[in-house]
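Structure first, then comments.
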Amino acid sequence: MPHANLDVLNKLISARHELAQIMEFKSYADFAIRPNMAGSPDVAMSFLLDLSKHVRCKADEEFNVIRECKRQHLNERSADLEPWDEAYFVGMVKSSAYSLDSSVIASYFSLSRCLDGLKMLVESLFGATFCQVPMMPGECWHPDVVKLSLYHPQEGDLGFMYLDLYSRKGKYSGCAHFAIRGGRVISESEYQLPVVALVCDFIGSPGSLTSRLNHYEVETLFHEFGHALHSLLSRTDYQHFSGTRVVLDIAEIPSILFE
Ligand SMILES: [Zn+2]
């Protein structure tokens, strides 16, 4: 790290501490976690310590394998594993020790299969199905976009999702869920249905169906789909509290479960 950055980081830490003190919190951690469901650093810490009891043994085992890989690679018996080594040496261990070929894994995950899998999960968990619905002229922002309705046999339409899955020039890169309209009660007999968009940047085109996802992309797709379902299935009086419009640690639960 360039040395000049250390000074910047120190200033950032003291500015955060000052902010916390002005707001009458003990520390920045107290201040930052307060609006979340966890509520205090102690709750977060005891959760982490408890979790660590369950995973520690296996994690230590894997850590040793990865450190050994680095030592052999550098031919340096005392080399230690640093946080910035992780992605590189994890990848190396996966391909050498476990002869994991990511292109073989990707061959199981065509995008169309992943979408079928998601539909199957939604049907078995919530008894609802996705079906494509027509759009009004000018309703969508690009001809690749399709509109789905989340439909339940007894409840009817539960909400709508625009799917914009393929990368193209000038498009947002990455995979994300956007809430376009939150659900809310309009009157005793009327509910405003939520509308969301799932925007991804997979390689391919809507007609081809041959687009293959690597494992990380599958996880990301399922994660964002979890956010989309959170929005579509939520029923709130006010749209400001609809779906993912909640504190951060709650917002990530449905997505991480789906992932
Ligand atoms: Zn998320």
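Quick caveat, the model's predicted, so the values are computed rather than measured. Each ligand, and each atom within it, is numbered from 1 in the order the structure gives.
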Do any of the N, O or S atoms of Glu252 sit under 2.8 Å from the Zn ion (ligand 1)? yes
Look at Asp30 together with Arg34 and state whether they make a salt bridge at an N to O cut-off of under 4.0 Å. no
Taking 4.0 angstrom as the limit, do Arg56 and Glu61 come out as a salt bridge? no
If I take every N, O or S atom of His177, is at least one of them less than 2.8 Å from the Zn ion (ligand 1)? no
Please check this pair: side chain of Glu252 against backbone of Asp249, looking for a donor-acceptor N/O pair closer than 3.5 Å. no
Report the atom name of the nearest N/O/S atom of His227 relative to the Zn ion (ligand 1). NE2
Checking salt bridge (charged side-chain N to carboxylate O under 4.0 Å, His left out) for the pair Arg113/Asp116: CA distance, chi angles, key distance, verdict? CA-CA 5 Å; Arg113 270 195 172 181; Asp116 287 346; over 6 Å; no
